[in-house]
Amino acid sequence: MTTAKLPAGPASPGFLHGIQILTGRTRAWRRWHDRYGSAYTVRMPRFGPTVVLSDPAEVKALLTAPADLVDNIDANLGQFLGPGSLFSLRGEEHRKQRKLLTPPFHGRRLAVYEQLIEEEALRDMASWPLGREFATMDSMMRITLNVILRAVFGAEGAEFDRLRTLLPKLVLVGSALAALPIPPGFLGKYGPWARFADYRQQYDEIVGTLIERAATDPGLSERDDVLAMLLQARYDDGTAMTRGEIADELLTLLTAGHETTATTLAWTVERLRRHPELLRRLVAEADAGGSELREATLVEVQRVRPVIDATARKVRADSFQLGRWTLPKGQHVLVSIRLMHDNAELFPNPRAFDPERFLGTRPGTWTWIPFGGGARRCIGASFATMEMNIVLRTLLREFTLTPTDAPDERAHFRGVALVPAKKGRATVYRRIAPPIPEAQLPETPARAAEVTA
(Lines give C-alpha, C1' and ligand atoms only; values in the text may rest on other atoms or scores of the structure.)
Protein backbone atom coordinates (compact mmCIF):
# COMPACT_ATOMS: atom_id res chain seq x y z
CA MET A 1 0.00 0.00 0.00
CA THR A 2 1.31 3.44 -0.96
CA THR A 3 1.83 5.76 1.99
CA ALA A 4 0.17 9.15 1.65
CA LYS A 5 2.32 12.22 1.91
CA LEU A 6 0.42 15.49 2.33
CA PRO A 7 1.76 19.00 2.87
CA ALA A 8 1.75 20.42 6.39
CA GLY A 9 -0.97 22.79 7.57
CA PRO A 10 -2.46 24.48 10.62
CA ALA A 11 -2.88 22.20 13.63
CA SER A 12 -5.90 24.06 15.01
CA PRO A 13 -9.29 22.27 15.07
CA GLY A 14 -10.90 21.85 11.67
CA PHE A 15 -14.00 23.87 12.50
CA LEU A 16 -11.75 26.91 13.02
CA HIS A 17 -10.40 26.52 9.48
CA GLY A 18 -13.96 26.62 8.19
CA ILE A 19 -14.80 29.72 10.19
CA GLN A 20 -11.69 31.51 8.91
CA ILE A 21 -12.50 30.60 5.31
CA LEU A 22 -16.15 31.63 5.61
CA THR A 23 -15.40 34.95 7.31
CA GLY A 24 -12.32 36.01 5.34
CA ARG A 25 -11.27 33.51 2.70
CA THR A 26 -8.63 35.64 0.93
CA ARG A 27 -7.06 36.66 4.22
CA ALA A 28 -7.00 33.00 5.36
CA TRP A 29 -5.46 31.71 2.10
CA ARG A 30 -2.72 34.33 2.29
CA ARG A 31 -1.95 33.79 5.98
CA TRP A 32 -1.54 30.02 5.55
CA HIS A 33 0.52 30.54 2.39
CA ASP A 34 2.88 32.87 4.24
CA ARG A 35 3.37 30.24 6.94
CA TYR A 36 3.43 26.95 5.01
CA GLY A 37 4.39 27.90 1.45
CA SER A 38 2.82 27.04 -1.91
CA ALA A 39 1.11 23.86 -0.62
CA TYR A 40 -0.67 23.19 2.64
CA THR A 41 -3.50 21.09 4.07
CA VAL A 42 -6.57 22.51 5.80
CA ARG A 43 -9.97 21.14 6.79
CA MET A 44 -12.69 22.70 4.64
CA PRO A 45 -16.46 22.64 5.12
CA ARG A 46 -18.00 19.78 3.11
CA PHE A 47 -14.57 18.63 1.79
CA GLY A 48 -12.71 17.63 4.94
CA PRO A 49 -8.88 17.60 4.72
CA THR A 50 -8.02 19.50 1.56
CA VAL A 51 -4.66 20.12 -0.09
CA VAL A 52 -4.36 23.72 -1.31
CA LEU A 53 -1.93 24.34 -4.19
CA SER A 54 -0.52 27.47 -5.83
CA ASP A 55 2.75 26.31 -7.42
CA PRO A 56 2.31 26.55 -11.24
CA ALA A 57 4.11 23.25 -11.95
CA GLU A 58 2.02 21.32 -9.45
CA VAL A 59 -1.16 23.05 -10.61
CA LYS A 60 -0.43 22.11 -14.24
CA ALA A 61 0.26 18.50 -13.27
CA LEU A 62 -3.05 18.32 -11.39
CA LEU A 63 -5.25 19.97 -14.01
CA THR A 64 -3.80 18.00 -16.94
CA ALA A 65 -3.90 14.60 -15.21
CA PRO A 66 -6.05 11.93 -16.94
CA ALA A 67 -9.63 11.73 -15.71
CA ASP A 68 -9.13 8.20 -14.37
CA LEU A 69 -6.54 9.62 -11.95
CA VAL A 70 -8.04 12.99 -11.04
CA ASP A 71 -11.42 14.46 -11.96
CA ASN A 72 -14.09 16.84 -10.75
CA ILE A 73 -15.23 16.79 -7.13
CA ASP A 74 -18.54 15.12 -6.23
CA ALA A 75 -20.03 18.16 -4.45
CA ASN A 76 -20.29 20.49 -7.44
CA LEU A 77 -22.90 22.51 -9.28
CA GLY A 78 -23.96 19.45 -11.23
CA GLN A 79 -26.40 18.50 -8.48
CA PHE A 80 -28.32 21.68 -9.31
CA LEU A 81 -27.72 21.83 -13.06
CA GLY A 82 -28.77 18.25 -13.80
CA PRO A 83 -27.17 14.93 -14.82
CA GLY A 84 -26.57 16.17 -18.38
CA SER A 85 -24.46 19.13 -17.24
CA LEU A 86 -20.71 19.24 -17.90
CA PHE A 87 -20.30 19.64 -14.15
CA SER A 88 -21.96 16.24 -13.58
CA LEU A 89 -20.23 14.28 -16.34
CA ARG A 90 -16.84 12.63 -15.92
CA GLY A 91 -14.29 10.90 -18.09
CA GLU A 92 -15.31 9.92 -21.61
CA GLU A 93 -18.88 11.19 -21.22
CA HIS A 94 -17.53 14.62 -20.30
CA ARG A 95 -15.15 14.63 -23.28
CA LYS A 96 -17.93 13.71 -25.75
CA GLN A 97 -20.31 16.36 -24.43
CA ARG A 98 -17.65 19.07 -24.34
CA LYS A 99 -16.77 18.33 -27.96
CA LEU A 100 -20.34 19.15 -29.00
CA LEU A 101 -20.43 22.36 -26.98
CA THR A 102 -17.12 23.81 -28.12
CA PRO A 103 -17.85 25.06 -31.69
CA PRO A 104 -20.40 27.81 -30.81
CA PHE A 105 -17.91 29.53 -28.52
CA HIS A 106 -14.81 29.73 -30.67
CA GLY A 107 -13.42 31.28 -33.82
CA ARG A 108 -15.63 32.99 -36.34
CA ARG A 109 -18.79 31.99 -34.50
CA LEU A 110 -18.07 34.63 -31.86
CA ALA A 111 -18.33 37.50 -34.34
CA VAL A 112 -22.02 36.65 -34.84
CA TYR A 113 -22.78 37.83 -31.30
CA GLU A 114 -20.90 41.13 -31.24
CA GLN A 115 -23.77 43.33 -32.43
CA LEU A 116 -26.21 41.55 -30.11
CA ILE A 117 -23.98 42.29 -27.10
CA GLU A 118 -23.63 45.97 -28.00
CA GLU A 119 -27.41 46.25 -28.49
CA GLU A 120 -28.10 44.85 -25.03
CA ALA A 121 -25.45 47.06 -23.43
CA LEU A 122 -26.84 50.20 -25.04
CA ARG A 123 -30.41 49.24 -24.15
CA ASP A 124 -29.73 48.80 -20.45
CA MET A 125 -27.24 51.66 -20.11
CA ALA A 126 -29.88 54.02 -21.48
CA SER A 127 -31.57 53.82 -18.06
CA TRP A 128 -28.45 54.67 -16.05
CA PRO A 129 -28.98 57.65 -13.72
CA LEU A 130 -26.77 60.64 -14.54
CA GLY A 131 -24.79 62.48 -11.88
CA ARG A 132 -25.94 60.15 -9.10
CA GLU A 133 -24.00 57.19 -7.72
CA PHE A 134 -25.52 53.78 -8.41
CA ALA A 135 -24.51 50.10 -8.38
CA THR A 136 -23.40 49.00 -11.84
CA MET A 137 -23.50 45.29 -11.06
CA ASP A 138 -27.29 45.16 -11.26
CA SER A 139 -27.12 46.57 -14.78
CA MET A 140 -24.26 44.27 -15.79
CA MET A 141 -26.29 41.29 -14.55
CA ARG A 142 -29.23 42.31 -16.75
CA ILE A 143 -26.98 42.82 -19.77
CA THR A 144 -25.23 39.47 -19.49
CA LEU A 145 -28.51 37.66 -18.76
CA ASN A 146 -30.21 39.16 -21.81
CA VAL A 147 -27.20 38.32 -23.97
CA ILE A 148 -27.29 34.68 -22.90
CA LEU A 149 -31.05 34.43 -23.33
CA ARG A 150 -30.72 35.63 -26.92
CA ALA A 151 -27.37 34.09 -27.92
CA VAL A 152 -27.67 30.77 -26.10
CA PHE A 153 -31.38 30.08 -25.57
CA GLY A 154 -32.65 31.86 -28.68
CA ALA A 155 -35.41 33.16 -26.42
CA GLU A 156 -37.85 35.88 -27.39
CA GLY A 157 -41.33 37.04 -26.51
CA ALA A 158 -43.11 35.49 -23.52
CA GLU A 159 -40.38 32.88 -22.92
CA PHE A 160 -37.71 35.59 -22.86
CA ASP A 161 -39.63 37.56 -20.24
CA ARG A 162 -40.35 34.51 -18.09
CA LEU A 163 -36.75 33.31 -18.14
CA ARG A 164 -35.45 36.81 -17.42
CA THR A 165 -37.54 36.82 -14.23
CA LEU A 166 -37.00 33.19 -13.23
CA LEU A 167 -33.32 32.51 -13.87
CA PRO A 168 -31.77 35.04 -11.42
CA LYS A 169 -33.86 33.50 -8.62
CA LEU A 170 -32.94 29.97 -9.63
CA VAL A 171 -29.20 30.78 -9.79
CA LEU A 172 -29.27 32.65 -6.47
CA VAL A 173 -30.91 29.79 -4.56
CA GLY A 174 -28.69 27.21 -6.25
CA SER A 175 -25.54 29.18 -5.37
CA ALA A 176 -26.60 29.42 -1.74
CA LEU A 177 -27.30 25.69 -1.53
CA ALA A 178 -23.94 24.92 -3.15
CA ALA A 179 -22.09 27.02 -0.57
CA LEU A 180 -23.98 26.10 2.62
CA PRO A 181 -24.40 22.61 4.09
CA ILE A 182 -28.21 22.77 4.14
CA PRO A 183 -29.65 19.22 4.25
CA PRO A 184 -32.18 18.28 1.56
CA GLY A 185 -35.73 18.63 2.83
CA PHE A 186 -34.82 21.34 5.31
CA LEU A 187 -38.06 23.17 6.29
CA GLY A 188 -40.03 20.96 3.93
CA LYS A 189 -42.09 22.69 1.27
CA TYR A 190 -41.11 26.09 2.69
CA GLY A 191 -37.35 25.46 2.58
CA PRO A 192 -34.71 26.42 0.00
CA TRP A 193 -34.57 22.96 -1.59
CA ALA A 194 -38.30 23.01 -2.28
CA ARG A 195 -37.99 26.50 -3.70
CA PHE A 196 -35.16 25.40 -5.97
CA ALA A 197 -37.15 22.37 -7.17
CA ASP A 198 -40.07 24.66 -8.04
CA TYR A 199 -37.81 27.05 -9.97
CA ARG A 200 -36.20 24.15 -11.80
CA GLN A 201 -39.58 22.73 -12.80
CA GLN A 202 -40.61 26.10 -14.21
CA TYR A 203 -37.31 26.32 -16.08
CA ASP A 204 -37.76 22.85 -17.62
CA GLU A 205 -41.26 23.76 -18.82
CA ILE A 206 -40.12 26.99 -20.49
CA VAL A 207 -37.04 25.45 -22.08
CA GLY A 208 -39.06 22.46 -23.20
CA THR A 209 -41.26 24.88 -25.14
CA LEU A 210 -38.20 26.54 -26.68
CA ILE A 211 -36.71 23.18 -27.69
CA GLU A 212 -39.97 21.98 -29.29
CA ARG A 213 -40.37 25.24 -31.19
CA ALA A 214 -36.78 25.17 -32.42
CA ALA A 215 -36.95 21.50 -33.44
CA THR A 216 -39.90 22.24 -35.75
CA ASP A 217 -38.46 25.49 -37.09
CA PRO A 218 -37.92 25.14 -40.87
CA GLY A 219 -35.17 27.75 -40.60
CA LEU A 220 -33.31 25.92 -37.82
CA SER A 221 -30.10 25.55 -39.86
CA GLU A 222 -29.95 29.32 -40.39
CA ARG A 223 -30.25 30.24 -36.71
CA ASP A 224 -27.23 31.46 -34.74
CA ASP A 225 -28.27 30.62 -31.17
CA VAL A 226 -26.58 27.79 -29.28
CA LEU A 227 -29.86 25.92 -28.72
CA ALA A 228 -30.31 25.57 -32.48
CA MET A 229 -26.74 24.31 -32.87
CA LEU A 230 -27.12 21.75 -30.08
CA LEU A 231 -30.28 20.37 -31.70
CA GLN A 232 -28.28 19.80 -34.88
CA ALA A 233 -25.11 18.50 -33.20
CA ARG A 234 -24.26 14.81 -33.30
CA TYR A 235 -21.99 12.57 -31.26
CA ASP A 236 -19.34 10.53 -33.06
CA ASP A 237 -21.80 7.63 -33.39
CA GLY A 238 -24.36 9.88 -35.10
CA THR A 239 -26.80 10.16 -32.20
CA ALA A 240 -28.25 13.48 -31.05
CA MET A 241 -28.32 15.03 -27.60
CA THR A 242 -31.45 14.25 -25.61
CA ARG A 243 -33.82 17.07 -24.67
CA GLY A 244 -32.80 16.65 -21.03
CA GLU A 245 -29.12 16.98 -21.89
CA ILE A 246 -29.79 20.14 -23.86
CA ALA A 247 -31.84 21.67 -21.03
CA ASP A 248 -29.11 20.87 -18.50
CA GLU A 249 -26.33 22.27 -20.69
CA LEU A 250 -28.21 25.48 -21.46
CA LEU A 251 -28.63 26.06 -17.73
CA THR A 252 -24.94 25.24 -17.23
CA LEU A 253 -23.89 27.81 -19.82
CA LEU A 254 -26.06 30.43 -18.17
CA THR A 255 -24.82 29.68 -14.66
CA ALA A 256 -21.16 29.63 -15.70
CA GLY A 257 -21.29 32.71 -17.89
CA HIS A 258 -23.88 35.11 -16.51
CA GLU A 259 -22.97 36.14 -12.97
CA THR A 260 -19.22 35.71 -13.43
CA THR A 261 -19.04 37.97 -16.48
CA ALA A 262 -21.26 40.61 -14.90
CA THR A 263 -19.20 40.56 -11.71
CA THR A 264 -15.93 41.05 -13.59
CA LEU A 265 -17.45 44.07 -15.34
CA ALA A 266 -18.55 45.51 -11.99
CA TRP A 267 -15.02 44.99 -10.64
CA THR A 268 -13.67 46.73 -13.75
CA VAL A 269 -15.76 49.81 -12.99
CA GLU A 270 -14.61 49.70 -9.37
CA ARG A 271 -10.94 49.55 -10.41
CA LEU A 272 -11.12 52.22 -13.14
CA ARG A 273 -12.74 54.82 -10.89
CA ARG A 274 -9.68 54.57 -8.66
CA HIS A 275 -7.19 54.91 -11.54
CA PRO A 276 -8.16 58.11 -13.39
CA GLU A 277 -5.08 58.27 -15.64
CA LEU A 278 -5.70 54.74 -16.89
CA LEU A 279 -9.36 55.63 -17.40
CA ARG A 280 -8.38 58.66 -19.49
CA ARG A 281 -6.14 56.54 -21.69
CA LEU A 282 -8.84 53.92 -22.15
CA VAL A 283 -11.34 56.53 -23.31
CA ALA A 284 -8.85 57.92 -25.81
CA GLU A 285 -8.10 54.42 -27.09
CA ALA A 286 -11.80 53.58 -27.50
CA ASP A 287 -12.39 56.82 -29.42
CA ALA A 288 -9.48 55.98 -31.72
CA GLY A 289 -10.81 52.48 -32.38
CA GLY A 290 -8.09 50.64 -30.45
CA SER A 291 -8.41 47.80 -27.96
CA GLU A 292 -4.96 46.70 -26.72
CA LEU A 293 -5.01 48.60 -23.42
CA ARG A 294 -8.66 47.68 -22.82
CA GLU A 295 -7.90 43.99 -23.30
CA ALA A 296 -4.88 44.23 -20.98
CA THR A 297 -7.05 46.00 -18.40
CA LEU A 298 -9.62 43.21 -18.40
CA VAL A 299 -6.86 40.63 -17.97
CA GLU A 300 -5.45 42.57 -15.02
CA VAL A 301 -8.89 42.98 -13.40
CA GLN A 302 -9.32 39.21 -13.50
CA ARG A 303 -5.87 38.79 -11.98
CA VAL A 304 -6.33 41.13 -9.01
CA ARG A 305 -10.07 40.48 -8.54
CA PRO A 306 -10.76 36.88 -9.65
CA VAL A 307 -14.49 36.23 -9.40
CA ILE A 308 -13.89 32.51 -8.80
CA ASP A 309 -10.86 32.24 -6.53
CA ALA A 310 -10.37 28.46 -6.59
CA THR A 311 -11.02 25.30 -8.57
CA ALA A 312 -11.10 21.83 -7.03
CA ARG A 313 -10.37 18.21 -8.02
CA LYS A 314 -10.66 14.78 -6.38
CA VAL A 315 -8.22 11.89 -6.66
CA ARG A 316 -9.98 8.92 -8.31
CA ALA A 317 -7.06 6.48 -8.52
CA ASP A 318 -5.74 4.45 -5.57
CA SER A 319 -3.04 7.10 -5.22
CA PHE A 320 -1.71 10.01 -7.25
CA GLN A 321 1.86 11.28 -7.25
CA LEU A 322 1.83 15.06 -7.54
CA GLY A 323 5.34 16.45 -7.43
CA ARG A 324 6.41 16.34 -3.79
CA TRP A 325 3.16 14.81 -2.59
CA THR A 326 1.52 11.39 -2.65
CA LEU A 327 -2.24 11.84 -2.53
CA PRO A 328 -4.57 8.98 -1.51
CA LYS A 329 -7.80 8.01 -3.23
CA GLY A 330 -10.62 10.42 -2.41
CA GLN A 331 -8.26 13.27 -1.56
CA HIS A 332 -9.66 16.71 -2.34
CA VAL A 333 -7.23 19.18 -3.90
CA LEU A 334 -7.96 22.86 -4.31
CA VAL A 335 -6.08 25.14 -6.71
CA SER A 336 -5.97 28.64 -5.25
CA ILE A 337 -6.37 31.03 -8.16
CA ARG A 338 -6.06 33.89 -5.69
CA LEU A 339 -2.63 32.76 -4.45
CA MET A 340 -1.32 32.10 -7.96
CA HIS A 341 -2.27 35.60 -9.04
CA ASP A 342 -0.58 36.96 -5.89
CA ASN A 343 2.77 35.33 -6.73
CA ALA A 344 5.46 38.03 -6.87
CA GLU A 345 7.74 35.76 -8.92
CA LEU A 346 5.09 35.55 -11.62
CA PHE A 347 3.68 39.08 -11.29
CA PRO A 348 6.09 41.66 -9.80
CA ASN A 349 4.39 43.92 -7.25
CA PRO A 350 1.34 41.63 -7.42
CA ARG A 351 -1.00 43.70 -5.21
CA ALA A 352 -0.72 46.68 -7.60
CA PHE A 353 -3.35 47.15 -10.30
CA ASP A 354 -1.16 47.57 -13.39
CA PRO A 355 -2.57 46.61 -16.83
CA GLU A 356 0.76 47.66 -18.37
CA ARG A 357 2.12 44.26 -17.33
CA PHE A 358 -0.04 42.63 -20.01
CA LEU A 359 0.56 45.07 -22.88
CA GLY A 360 2.11 43.22 -25.79
CA THR A 361 2.12 39.90 -23.93
CA ARG A 362 -0.39 37.18 -23.20
CA PRO A 363 -0.87 35.82 -19.67
CA GLY A 364 0.64 32.43 -18.98
CA THR A 365 -1.62 29.40 -19.36
CA TRP A 366 -0.63 28.04 -15.95
CA THR A 367 -0.06 31.30 -14.07
CA TRP A 368 -3.21 33.28 -14.93
CA ILE A 369 -6.23 30.97 -14.54
CA PRO A 370 -9.48 32.86 -13.82
CA PHE A 371 -11.25 30.39 -16.15
CA GLY A 372 -9.63 27.32 -14.59
CA GLY A 373 -7.53 24.95 -16.68
CA GLY A 374 -7.22 21.58 -18.35
CA ALA A 375 -10.18 19.60 -19.64
CA ARG A 376 -12.54 21.52 -17.35
CA ARG A 377 -11.46 25.04 -18.30
CA CYS A 378 -14.54 27.24 -18.74
CA ILE A 379 -15.92 26.41 -22.17
CA GLY A 380 -17.27 29.95 -22.61
CA ALA A 381 -14.00 31.77 -21.79
CA SER A 382 -13.60 33.24 -25.28
CA PHE A 383 -17.24 34.34 -25.37
CA ALA A 384 -16.98 35.96 -21.94
CA THR A 385 -13.77 37.77 -22.90
CA MET A 386 -15.39 39.16 -26.04
CA GLU A 387 -18.54 40.17 -24.14
CA MET A 388 -16.59 42.04 -21.45
CA ASN A 389 -14.55 43.83 -24.12
CA ILE A 390 -17.64 45.04 -25.99
CA VAL A 391 -19.56 46.12 -22.89
CA LEU A 392 -16.56 48.06 -21.56
CA ARG A 393 -15.99 49.67 -24.96
CA THR A 394 -19.64 50.73 -25.08
CA LEU A 395 -19.43 52.23 -21.59
CA LEU A 396 -16.28 54.22 -22.45
CA ARG A 397 -17.76 55.58 -25.67
CA GLU A 398 -21.15 56.52 -24.26
CA PHE A 399 -20.38 57.78 -20.73
CA THR A 400 -17.92 59.76 -18.69
CA LEU A 401 -17.08 57.66 -15.65
CA THR A 402 -16.31 59.89 -12.68
CA PRO A 403 -13.17 58.97 -10.66
CA THR A 404 -13.40 58.60 -6.89
CA ASP A 405 -11.10 58.67 -3.87
CA ALA A 406 -13.38 56.30 -1.92
CA PRO A 407 -11.75 53.23 -0.36
CA ASP A 408 -11.56 50.09 -2.48
CA GLU A 409 -14.69 47.97 -2.39
CA ARG A 410 -13.99 44.79 -0.46
CA ALA A 411 -14.80 41.37 -1.89
CA HIS A 412 -18.03 39.72 -0.72
CA PHE A 413 -18.47 35.95 -1.15
CA ARG A 414 -21.89 35.19 -2.64
CA GLY A 415 -21.98 31.41 -2.61
CA VAL A 416 -19.97 30.90 -5.82
CA ALA A 417 -18.62 34.29 -6.87
CA LEU A 418 -16.60 37.01 -5.13
CA VAL A 419 -18.45 40.24 -5.89
CA PRO A 420 -17.77 43.89 -5.02
CA ALA A 421 -19.42 44.49 -1.65
CA LYS A 422 -21.06 47.69 -2.93
CA LYS A 423 -21.71 46.23 -6.39
CA GLY A 424 -19.25 48.40 -8.29
CA ARG A 425 -20.70 51.82 -7.57
CA ALA A 426 -20.27 54.54 -10.19
CA THR A 427 -21.28 58.06 -11.12
CA VAL A 428 -21.62 58.72 -14.85
CA TYR A 429 -22.52 61.48 -17.29
CA ARG A 430 -23.50 61.20 -20.92
CA ARG A 431 -20.75 62.09 -23.37
CA ILE A 432 -21.91 64.70 -25.85
CA ALA A 433 -19.14 63.91 -28.31
CA PRO A 434 -15.81 62.10 -28.12
CA PRO A 435 -12.93 64.34 -27.08
CA ILE A 436 -10.55 65.60 -29.75
CA PRO A 437 -7.31 63.57 -29.69
CA GLU A 438 -4.50 65.61 -28.16
CA ALA A 439 -2.42 65.36 -31.33
CA GLN A 440 -5.20 67.16 -33.26
CA LEU A 441 -5.63 70.07 -30.83
CA PRO A 442 -4.74 73.50 -32.28
CA GLU A 443 -1.30 74.80 -31.35
CA THR A 444 -1.28 77.45 -28.63
CA PRO A 445 1.62 79.14 -26.77
CA ALA A 446 0.65 77.34 -23.57
CA ARG A 447 0.44 73.96 -25.27
CA ALA A 448 3.70 74.58 -27.11
CA ALA A 449 5.37 75.21 -23.78
CA GLU A 450 3.95 71.92 -22.44
CA VAL A 451 5.32 70.00 -25.41
CA THR A 452 8.82 71.52 -25.18
CA ALA A 453 8.88 70.97 -21.44
- Query: What about His33 and Tyr40, are their ring centers closer than 6.0 Å?
  - Reply: no
- Using the side-chain hydrogen bond (donor to acceptor under 3.5 Å, both in side chains) rule, collect all pairs that involve residues 365-375, keeping only residues at least two apart or in two chains. none
- Query: Is atom CZ of Arg234 surrounded by more than 12 heavy atoms (other residues, nucleotides or ligands) closer than 6.0 Å?
  - Reply: yes
- Item | Heavy atoms of other groups near Gln115 CD, more than 12 under 6.0 Å | no
- For the pair Arg376 (side chain) and Leu86 (backbone), establish whether a donor and an acceptor sit closer than 3.5 Å, ignoring hydrogens and angles. yes
- No-hydrogen, no-angle side-chain donor-acceptor test under 3.5 Å, Thr402 and Thr427: no
- Message: Applying side-chain hydrogen bond (donor to acceptor under 3.5 Å, both in side chains), can you list everything that pairs with Trp267, at least two apart in sequence or on another chain?
- Response: none
- Is Glu118 reaching over with its side chain to a backbone N or O of Glu114, donor-acceptor style, under 3.5 angstrom? no
- Task: Kindly say whether Gln20 contributes a backbone atom to a donor-acceptor pair with the side chain of Arg27 at under 3.5 angstrom?
- Result: no
- Task: Can you establish whether the number of heavy atoms outside Lys314 located under 6.0 Å from its atom NZ is more than 12?
- Result: yes
- Message: Taking Asp309 first and then Arg25, would you say they form a salt bridge - that is, a charged N and a carboxylate O separated by under 4.0 Å?
- Response: yes
- What closest approach, in Å, do Leu89 and Pro83 show between heavy atoms, and which atom pair accounts for it? CD2-O, 3.5 Å
- Would you mind listing every side-chain hydrogen bond (donor to acceptor under 3.5 Å, both in side chains) that reaches into residues 383-401, with sequence neighbours excluded? Arg294-Asn389, Glu398-Arg430
- Message: Going by salt bridge (charged side-chain N to carboxylate O under 4.0 Å, His left out), name the residues that satisfy it together with Arg274, two or more places apart in sequence or in a different chain.
- Response: Glu270, Asp408
- Message: Tell me which pairs pass ring pair (Phe, Tyr, Trp, His ring centres under 6.0 Å) where either residue lies in residues 115-173, with sequence neighbours left out.
- Response: Trp128-Phe134, Trp128-Phe399
- Just by distance, do the side chain of Arg223 and the backbone of Asp217 share a donor-acceptor pair under 3.5 Å? no
- Message: Is there a side chain to side chain contact (heavy atoms under 4.5 Å, CB included) between Val52 and Trp29? Walk through the geometry before answering.
- Response: CA-CA 9 Å; Val52 179; Trp29 298 142; 4.2 Å; yes
- Task: Test side chain to side chain contact (heavy atoms under 4.5 Å, CB included) on Val70 and Leu62 and set out the steps.
- Result: CA-CA 7 Å; Val70 177; Leu62 177 76; 3.8 Å; yes
- Message: Quick one, Arg142 with Asp138, criterion salt bridge (charged side-chain N to carboxylate O under 4.0 Å, His left out). Give me CA distance, side-chain angles, the key distance, then yes/no.
- Response: CA-CA 6 Å; Arg142 290 191 297 269; Asp138 296 332; 5.7 Å; no
- Ignoring hydrogens and angles, state whether a donor on the side chain of Thr263 or Glu259 is under 3.5 Å from an acceptor on the partner side chain. no
- Note on the structure: Of all heavy-atom pairs linking Arg164 and Asn146, the shortest is CD-OD1, 3.1 Å
- Query: Do Thr50 and His332 have side-chain N/O donor and acceptor atoms under 3.5 Å apart?
  - Reply: no
- Identify whether the distance between the nearest side-chain nitrogen and carboxylate oxygen of Asp342 and Arg30 falls below 4.0 Å. yes
- Item | Gly257 backbone acceptor or donor facing Thr261 side chain under 3.5 Å | yes
- Minimum-distance pair of heavy atoms, taken over all atoms of Leu272 and Leu278: CD2-CD2, 3.7 Å
- Item | Residue pair Leu101, Leu230: steps toward the side chain to side chain contact (heavy atoms under 4.5 Å, CB included) verdict | CA-CA 7 Å; Leu101 289 169; Leu230 293 185; 3.5 Å; yes
- Item | Thr255 side chain to Leu251 backbone, donor-acceptor under 3.5 Å | yes
- Query: Considering all heavy atoms of both residues, which atom of Ser221 and which atom of Gln232 are nearest to each other, and what is their separation?
  - Reply: CA-OE1, 3.4 Å
- Message: I need the full list of salt bridge (Lys or Arg N to Asp or Glu O under 4.0 Å) pairs touching residues 79-89, with sequence neighbours left out, sorted by first then second residue.
- Response: none
- Message: Would you say CD of Glu156 has more than 12 non-hydrogen atoms from neighbouring residues, nucleotides or ligands within 6.0 angstrom?
- Response: no
- Message: For Ser38 and Leu53: C-alpha separation, side-chain torsions, deciding distance, then whether side chain to side chain contact (heavy atoms under 4.5 Å, CB included) applies.
- Response: CA-CA 6 Å; Ser38 63; Leu53 300 177; over 6 Å; no
- Message: Please identify which of these residues, Gln202, Arg200, Arg195, meets the side chain to side chain donor-acceptor pair (under 3.5 Å) condition with Asp198.
- Response: Gln202
- Quick one: does Tyr203's side chain have a donor or acceptor within less than 3.5 Å of a partner on Ala247's backbone? yes
- May I ask you to decide if Asp224's main-chain N or O and Tyr113's side chain share a donor-acceptor pair within less than 3.5 Å? yes
- Message: Within the structure provided, determine whether Leu250 and Leu254 are in side-chain contact (heavy-atom separation under 4.5 Å).
- Response: no
- Under a 4.0 Å N-O cut-off, is there an ion pair linking Glu120 with Arg150? yes
- Item | Side chain Ser139, main chain Thr136, donor-acceptor under 3.5 Å | no
- Closest approach of Gln331 to Pro49 (non-hydrogen atoms, all atoms of both residues): NE2-O, 3.0 Å
- Task: Step by step, work out the salt bridge (charged side-chain N to carboxylate O under 4.0 Å, His left out) result for Glu159 and Arg162.
- Result: CA-CA 5 Å; Glu159 287 77 22; Arg162 290 179 65 192; 5.7 Å; no
- Message: Between Tyr199 and Val173, is there a side-chain heavy-atom distance shorter than 4.5 Å?
- Response: yes
- Query: Of the non-hydrogen atoms in Gly84 and Glu249, which two are nearest, and what is the gap between them?
  - Reply: O-OE2, 2.8 Å
- Query: Hey, is Glu133 close enough to Arg425 for a salt bridge, meaning N to O under 4.0 Å?
  - Reply: yes
- Backbone of Phe87 reached by a side-chain donor or acceptor of Asn72 within 3.5 Å: yes
- Task: For the residue pair His341 and Phe347, categorise the inter-ring angle as parallel (less than 30°), tilted (30 to 60°) or perpendicular (more than 60°).
- Result: perpendicular
